[in-house]
Amino acid sequence: MKDAVKAAFAELSGRAGELRAKPISGLFEQAPQRLDQLVIEGAGLRLDLSKQMLDVTIVNALVDIAEMAGVPAARAAMVRGDEVNRTEHRAVLHMALRASAGYPHADAVHEALERVQLLADDVRAGRRTGSTGRPFTDIVNIGIGGSHLGPALACDALRYAGGEHLRAHFLANVDGGELDRILAGLDPATTLFIVASKSFTTVETRLNATSARRWLTATLGEADAVASHFVAVSSRPERAVEFGIAEANVFPMWDWVGGRYSMWSAIGLPIALALGMPVFRALLAGAAAMDEHFVATPLVRNMPVMLALTGLWNCHVLGAETYAVVPYDDRLRYLPDYLQQLEMESNGKRVGLDDALLDHHTAPITWGGLGTNAQHAFFQLLHQGTRLVPVDFICALSHPVAPREHHDMLLANCFAQAEALMRGRSFGDSAPDAAGVDLALHRQSPGNRPSSMLTMETLDAHTLGALIALYEHKTFVQSVVWNINAFDQWGVELGKELASGILEEITGRQAPAPHDPSTAALISRYRAARG
Ligand code: F6P
């Protein structure tokens, strides 16, 4: 953080004491315009920040902080295609992937989308078939992290869109149990594999692709099975070709798209295949609508900016160490996982853009789960625990198939939880039960626990695109305030390197290397167990 930003947060901390002492619900009485002031609409979403522990003075101070931190300039630099990812010397242009105009690389993006459309249309129409001439019934995306979570989320969330479906499966983990579970139900003759890897070096993806190829050719033979049943998406097409995938079947990715921001590129191929290109294009349009809002709306009415600033207020001033994402919609069950990668891989950093160690926290822990299940699991802690855990509630006002009484009850619970967290409840000084146990404090909920409520009329491809883009921009804005690079991920390297060495030792291809006693014992126990 720049010194001025740090000083501004320190100054705000004084105000926090005052606010904490008052119930959030009382702030509505003090300021009749509160709801209007703290509700922001855009791109089909409505964000209600009025149950957060802040008021308009705080909001204005936070907006000043965003200005001071250089959010508008950083946003402009990203749009221009400057080298925003300075540790990898790359531009950051995921917005170009869904833009109709005005961004660099428009021709390459357009051409890639045309190719995605051609394949999706041909496969869905049965014009492109497997090597035996039978149409494809199943697709298996082999990829991990950013090459998995976005398409998996979208295919699941939009399951009621797109008419006739190809079944989409996602093979991410190197755990052979996952491979077995997914392949067990499939027919090689009607299965299309997509090997999705920006780098095409990710070991999990390469091993899964090798095993899938073996499974396929065991039944269909070597000849044209791989040519007909494997496509790839990569920024290193030569590596995919070297792996054995025909050049014409390799779709492009680019260095200027980060893996966790890449579902809008050909990495979204499973979405186009499983749900159809119109659905994929609507997803892109929804994200583009949020981009336009983000780029053009004044900071104080700017949804991603205000979501980011509220998160910063909760962490840096109110002391929250985590925040929970709780969608009340089964279609968003993968959203917490998706946001975990987006926010924690982007902003889990300890070094600033000045190449020096930071002296403040960065990303809080993102976690969450589905309502109402979560109410019967972790909500106890949210209501009565000792830690402050702000919540992002997310819901859609309608549902394509849910019976009315289910949706009524679902949303009643969603609204009730947000209200209960804010209001709390007291049982007076003393409330002894029949046996004399004083339950007053046990039953009390202190309230004053902040939450945001994100709603949309319907959850469809457009609003899902907008929702994901909202959190992408939120993540970026927070990174600017923290003065960190949201687009690298050096921290994942060490574990990968050690794993490759340990694998060599486990398999006996390499002599035991020096390890700490705990790791050495684990390796030797496993070597003994595997025989
Ligand atoms: O976990 C590190 C990471 O590089 C992610 O950032 C990325 O999304 C994932 O691995 C997969 O990488 P690739 O698409 O290159 O296989």
Side-chain angles (χ1 to χ4, degrees), residues 84-94 97 112 116 140-155 170-175 178-179 193-213 230-245 249-271 334-349 362-363 366 468 471-472 475-476 479 484-500:
V84 168
N85 178 355
R86 63 186 286 284
T87 60
E88 296 180 314
H89 305 291
R90 290 173 182 172
V92 174
L93 279 166
H94 46 279
L97 298 170
V116 167
V140 179
N141 187 78
I142 303 177
I144 196 163
S147 299
H148 159 228
L149 293 162
L153 163 65
C155 285
F170 291 87
L171 177 54
N173 202 326
V174 77
D175 181 340
E178 184 169 305
L179 177 82
F193 291 96
I194 303 158
V195 187
S197 178
K198 181 180 170 187
S199 61
F200 224 84
T201 56
T202 304
V203 292
E204 292 97 323
T205 300
R206 289 185 70 98
L207 182 56
N208 276 331
T210 304
S211 299
R213 183 169 58 188
F230 267 78
V231 300
V233 185
S234 184
S235 68
R236 303 300 301 266
E238 71 286 1
R239 293 182 183 155
V241 170
E242 195 188 312
F243 182 82
I245 297 173
N249 287 338
V250 182
F251 291 76
M253 252 283 269
W254 304 278
D255 276 349
W256 40 267
V257 183
R260 54 194 172 273
Y261 298 84
S262 68
M263 63 183 284
W264 325 100
S265 69
I267 290 288
L269 197 51
I271 308 168
Y334 296 140
L335 186 66
D337 284 356
Y338 180 86
L339 294 181
Q340 238 166 21
Q341 190 208 17
L342 176 65
E343 300 193 334
M344 293 167 74
E345 197 171 68
S346 294
N347 286 339
K349 307 285 168 65
T362 53
T366 304
I468 298 170
Y471 278 93
E472 284 181 349
T475 303
F476 173 64
S479 77
I484 58 176
N485 178 6
F487 302 104
D488 60 11
Q489 56 284 317
W490 298 103
V492 303
E493 299 299 328
L494 175 61
K496 287 186 195 176
E497 281 162 33
L498 291 182
S500 88

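Each ligand, and each atom within it, is numbered from 1 in the order the structure gives. Everything numeric in this text was worked out from a predicted model, so none of it was measured.
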Original post:
Does the pair V203 and K496 meet the rule for a side chain to side chain contact (heavy atoms under 4.5 Å, CB included), with working shown?
Top reply: CA-CA 9 Å; V203 292; K496 287 186 195 176; over 6 Å; no

Original post:
Can you check side chain to side chain contact (heavy atoms under 4.5 Å, CB included) on R213 and F243, steps first, answer last?
Top reply: CA-CA 10 Å; R213 183 169 58 188; F243 182 82; 3.8 Å; yes

**OP:** Check the pair L97, W256 against side chain to side chain contact (heavy atoms under 4.5 Å, CB included), reporting the backbone distance first and the verdict last.
**Re:** CA-CA 10 Å; L97 298 170; W256 40 267; 4.0 Å; yes

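When each atom of ligand 1 is checked for a heavy atom of V492 under 4.0 Å away, the hits are 2 (C). With ligand atoms numbered from 1 in the order given, ligand 1 contributes 7 (C), 8 (O) to contacts under 4.0 Å with heavy atoms of G146. Atoms of ligand 1 found under 4.0 Å from any heavy atom of Q341 (numbered from 1 in listed order, with element): 5 (C), 8 (O).
When the heavy-atom distances from atom 2 (C) of ligand 1 to R206, M253, E345, E493 are ranked, the shortest goes to E345.
Taking only nitrogen or oxygen atoms, main chain and side chain alike, K198 reaches within less than 3.5 Å of ligand 1. Between G145 and ligand 1, not a single N/O pair is under 3.5 Å apart.
Between F193 and F230, the ring planes are parallel. Angles under 30° get that label, and only those over 60° would be called perpendicular.
Ranking protein heavy atoms by distance to atom 4 (O) of ligand 1, first place goes to K496 NZ, 3.9 Å. At the shortest separation from atom 11 (C) of ligand 1 among protein heavy atoms lies I144 O, 3.2 Å. At the top of the distance list for atom 15 (O) of ligand 1, counting protein heavy atoms only, stands S199 OG, 2.6 Å. What sits closest to atom 12 (O) of ligand 1 on the protein, heavy atoms only, is T202 OG1, 3.4 Å.
Note that the CG atom of N85 and the CG atom of D488 stand 5.5 Å from one another [nearest 0.5 Å].
Side-chain contact check for R239 and S234: no donor-acceptor pair (N or O, by modelled atom type) lies under 3.5 Å.
Only one option out of I245, V250, T210, V231 pairs with V195 in a side chain to side chain contact (heavy atoms under 4.5 Å, CB included); it is I245.
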